Every structure is written in structure tokens, then in C-alpha cells.
Chemist: 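One structure, as C-alpha cells, below. Some questions next.
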Amino acid sequence: MSDGKQRKLIPAWRAILTAMVAGALAGAVAVYVTGGFSGNMPGDVSQQPPAEVAAAAPAAQPEADLCAAKADKAKAVAAAATGQVAAMLPADPPQSLAKLAFNAPDGKPMTLADRAGKTVLLNLWATWCAPCRAEMPALDALQKEAGDGGFEVIAVNVDTGDDTKPKKFLAETGVAALGYYRDNTLDLFNDLKKRGLALGLPVTLLIDGEGCLLAHMNGPAEWSGPDAKALIAAARN
């Protein structure tokens with residue numbers, strides 16, 4: 001091979017070798033970065049593979065998963081709904097209602113999460129609802145007889161406007177044991193409607209101490225009788 005040809009080939013080989021070395025260095029840098037060697041203490045989770053890091057710090061169980069796991073409980077509670085409360089249906093699947101919002105008896109905003117640890121019979125009513133007028137004394141009696149640190153009837157008025165009509169309604173029906181819960185925006189009713197739980201008034205929901213819906217019904221019921229008390233007992237077990 002002539003000297004002229006050698007001089008032309010030498011630069012080409014140098015370029016190839018340079019590219020190979022650069023590629024090797026780039027690969028080494030990539031391995032170092034993805035390896036996550038940001039610490040050098042034994043057991044540092046930053047040096048563990050992604051799967052091990054996840055295992056070391058498990059995520060909290062979402063509310064949805066917590067409630068969905070209670071399908072058998074919901075079926076058992078619904079099976080106890082007989083006689084005058086037979087219209088109660090099992091939650092399918094149970095869902096979290098902990099974020100349902102309305103006003104407490106003191107007028108301040110609250111959610112069902114504020115009653116954590118209590119089984120709650122949540123009822124929505126209005127002054128213009130004739131079936132509501134019929135069942136309110138029974139709900140009041142249930143709260144008076146069964147209400148305690150582990151159970152409460154929360155009857156939420158959903159009239160729009162001020163408190164004049166709802167308070168007059170309660171006085172006329174002799175309701176005294178129930179707390180005066182209120183939502184004059186209809187947001188609570190509309191939330192339940194979107195969930196497929198509210199078709200009209202009254203609507204009643206049985207919710208456990210973790211805010212999970214166990215059973216629900218539309219329409220009135222005799223809440224002061226033995227059938228209702230057996231249903232509440234089943235939910236509290």
C-alpha cells in the first residue's frame with residue numbers, strides 16, 4: 001500500500017476508535033445514573049432496585065379499596081333488612097361516603113368523616129316531602145332509643161332558603177332527639193344522585209364507622225320498630 005493511501009486510512013481508523021470509546025463512556029454514565037448510587041450507606045434504599053424500594057415503602061390503601069373489601073359485610077347487613085325495612089338494598093359495591101358534606105347542628109360545615117367510629121343512618125328530608133313527614137317521628141324515636149357513642153341517626157334537611165320552614169316542621173312533628181343537620185344547596189342530594197343512590201326523597205343510607213356505605217334505600221320506612229333495630233344491630237356487629 002502506498003504512503004498516500006496509508007495517510008488517507010489512518011484518520012478514518014482514528015475516527016472509528018474515537019466513536020467506540022465515546023460510546024463506551026456514554027454507556028458507563030448511563031449505568032451509573034440508572035443504578036441510583038446516590039448514597040453509600042449500607043441499606044440505603046436509593047441503592048435498591050425500584051421493586052425493592054416500593055416494597056420498603058408501601059402506599060396506603062385507598063378508601064375505595066377499603067370499602068370494596070366489605071362486600072360480604074354489606075350482603076350480611078342487607079340480609080338482616082326484613083319486614084318494615086326490607087327495601088334496604090346492599091351496597092354493590094360498598095363505596096366511601098366519608099367526604100359527603102353538610103352543616104352540623106352548630107351551623108358549621110362538616111363531613112361524614114367527622115363521625116368516624118360511628119355507624120350512621122343518614123337520611124335526607126325536606127319540608128315539602130309528605131313521606132318525610134310520616135317517617136320523621138320514627139327516625140326521632142330510633143335516635144332517642146338507640147343513639148349512643150357508636151350509632152347516630154343523621155337526618156339532613158335539604159330545603160333551599162333559610163331555617164324557618166325546617167325548624168317549624170320539626171316542631172310540628174314533635175322531633176326532639178335528632179340533631180338539626182342542614183344543606184340548603186342541594187349539593188348533598190345531587191352528589192348522591194350522581195352515585196345512583198338518590199332517586200327522590202326520602203333517601204336513607206346505612207354507613208359504617210369507616211365511612212363505607214353498607215346499604216341504602218329510597219322511600220320511607222318504620223324506623224322505630226324491631227325490624228329497624230335488628231338492621232342497625234347487624235350493621236354494628
Side-chain angles (χ1 to χ4, degrees), residues 63-102 104 110-125 129 131-132 134-158 175 177-179 181 183 188-189 191-237:
E63 290 179 352
D65 292 344
L66 171 70
C67 294
K70 299 185 179 186
D72 289 342
K73 173 71 172 180
K75 291 177 181 177
V77 170
T82 60
Q84 295 176 320
V85 294
M88 267 285 185
L89 301 174
D92 186 22
Q95 58 181 287
S96 177
L97 298 182
K99 294 181 180 180
L100 289 184
F102 42 91
M110 65 167 288
T111 66
L112 271 181
D114 294 321
R115 293 295 183 268
K118 277 191 176 185
T119 299
V120 170
L121 188 72
L122 179 68
N123 176 274
L124 273 61
W125 64 277
C129 166
C132 297
E135 77 169 354
M136 285 299 286
L139 287 167
D140 190 60
L142 178 62
Q143 172 61 24
K144 184 177 181 179
E145 295 174 16
D148 56 28
F151 171 72
E152 183 180 0
V153 178
I154 295 182
V156 184
N157 174 261
V158 295
V175 171
L178 294 175
Y181 293 91
D183 174 38
L188 175 59
F189 177 82
D191 187 346
L192 294 176
K193 184 177 180 181
K194 289 177 183 178
R195 296 170 185 261
L197 298 173
L199 304 177
L201 293 177
V203 57
T204 306
L205 313 166
L206 188 53
I207 302 157
D208 74 4
E210 293 180 298
C212 298
L213 176 67
L214 298 178
H216 60 98
M217 67 177 291
N218 280 265
E222 176 48 70
W223 292 108
S224 62
D227 295 329
K229 292 173 185 175
L231 173 64
I232 300 305
R236 297 183 65 170
N237 288 339

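These numbers come from a predicted model, not from an experiment.
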Chemist: Counting C-beta onward and ignoring hydrogens, is there a side-chain heavy-atom pair between L231 and W223 closer than 4.5 Å?
Modeler: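 Sidechains of W223 and L231: in contact.
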
Chemist: Less than 4.5 Å apart, any side-chain heavy atom of L122 and any of R115?
Modeler: no

Chemist: What are the two closest non-hydrogen atoms of L206 and T119, and how far apart are they?
Modeler: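 Minimum heavy-atom separation between L206 and T119: CD1-CG2, 4.1 Å.
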
Chemist: Atom OG of S96 and atom CG of L66: how far apart are they, to the nearest 0.5 Å?
Modeler: 7.5 Å

Chemist: For residues A91 and L213, report the shortest heavy-atom separation together with the two atoms involved.
Modeler: CB-O, 3.2 Å

Chemist: Would you check if L192 and L100 make a side-chain contact, meaning some heavy-atom pair closer than 4.5 Å?
Modeler: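 Touching, per the 4.5 Å side-chain cut-off.
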
Chemist: Sequence neighbours left out, what pairs pass salt bridge (charged side-chain N to carboxylate O under 4.0 Å, His left out) with at least one residue falling in residues 86-102?
Modeler: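 Counting only pairs at least two positions apart or across chains, no salt bridge (charged side-chain N to carboxylate O under 4.0 Å, His left out) contact touches residues 86-102.
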
Chemist: Please find the pair of heavy atoms, one from P220 and one from P202, that lie closest to each other, and give the distance.
Modeler: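 The pair with the smallest heavy-atom distance is N-CG, 3.7 Å.
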
Chemist: Testing the basics here: between A221 and E135, what is the closest heavy-atom pair and its distance to 0.1 Å?
Modeler: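 Shortest heavy-atom separation between A221 and E135 comes out as N-OE1, 3.0 Å.
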
Chemist: Is the side chain of Q143 donor-acceptor paired with the backbone N or O of L178 at a distance under 3.5 Å, no angle test?
Modeler: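 Looks like no, no N/O pair under 3.5 Å.
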
Chemist: A87: which residues meet the side chain to side chain contact (heavy atoms under 4.5 Å, CB included) condition with it, sequence neighbours left out?
Modeler: M217

Chemist: Tell me, please, which residues at least two apart from A104 pass side chain to side chain contact (heavy atoms under 4.5 Å, CB included).
Modeler: D106, M110

Chemist: Going by side chain to side chain contact (heavy atoms under 4.5 Å, CB included), name the residues that satisfy it together with A80, two or more places apart in sequence or in a different chain.
Modeler: A234

Chemist: Are any non-hydrogen side-chain atoms of F151 and L121 less than 4.5 angstrom apart?
Modeler: yes

Chemist: With side chains defined as the heavy atoms from C-beta onward, is the minimum distance between K118 and I154 less than 4.5 Å?
Modeler: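 Counting from C-beta outward, K118 and I154 never come under 4.5 Å.
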
Chemist: Residues in side-chain hydrogen bond (donor to acceptor under 3.5 Å, both in side chains) with S224, at least two apart?
Modeler: E222

Chemist: Got T204 and L139 here, is their nearest side-chain heavy-atom distance under 4.5 Å?
Modeler: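 Result no, sub-4.5 Å side-chain heavy-atom pair not found.
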
Chemist: Between A146 and R236, what is the shortest heavy-atom contact and its length?
Modeler: O-NH1, 3.9 Å

Chemist: Would you please name every residue forming a side chain to side chain contact (heavy atoms under 4.5 Å, CB included) with K73, sequence neighbours left out?
Modeler: K70, V77, L214, N237

Chemist: Is the shortest side-chain heavy-atom distance between L112 and F102 below 4.5 Å?
Modeler: yes

Chemist: Could you tell me whether R195 and D191 make a salt bridge, using a distance below 4.0 angstrom between a side-chain N and a carboxylate O?
Modeler: yes

Chemist: What are the two closest non-hydrogen atoms of L201 and L124, and how far apart are they?
Modeler: CD2-O, 3.5 Å

Chemist: Has the side chain of N218 got a donor or acceptor atom that lies under 3.5 Å from a matching backbone atom of L197?
Modeler: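 Yes, N218 side chain to L197 backbone: donor-acceptor pair under 3.5 Å.
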
Chemist: For the side chain of D227 and the backbone of Q84, is there at least one donor-acceptor N/O pair under 3.5 Å apart?
Modeler: yes

Chemist: Going from NE2 on H216 to CG on L89, what distance comes out if it is rounded to the nearest 0.5 angstrom?
Modeler: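 So the NE2 of H216 and the CG of L89 are separated by 5.0 Å.
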
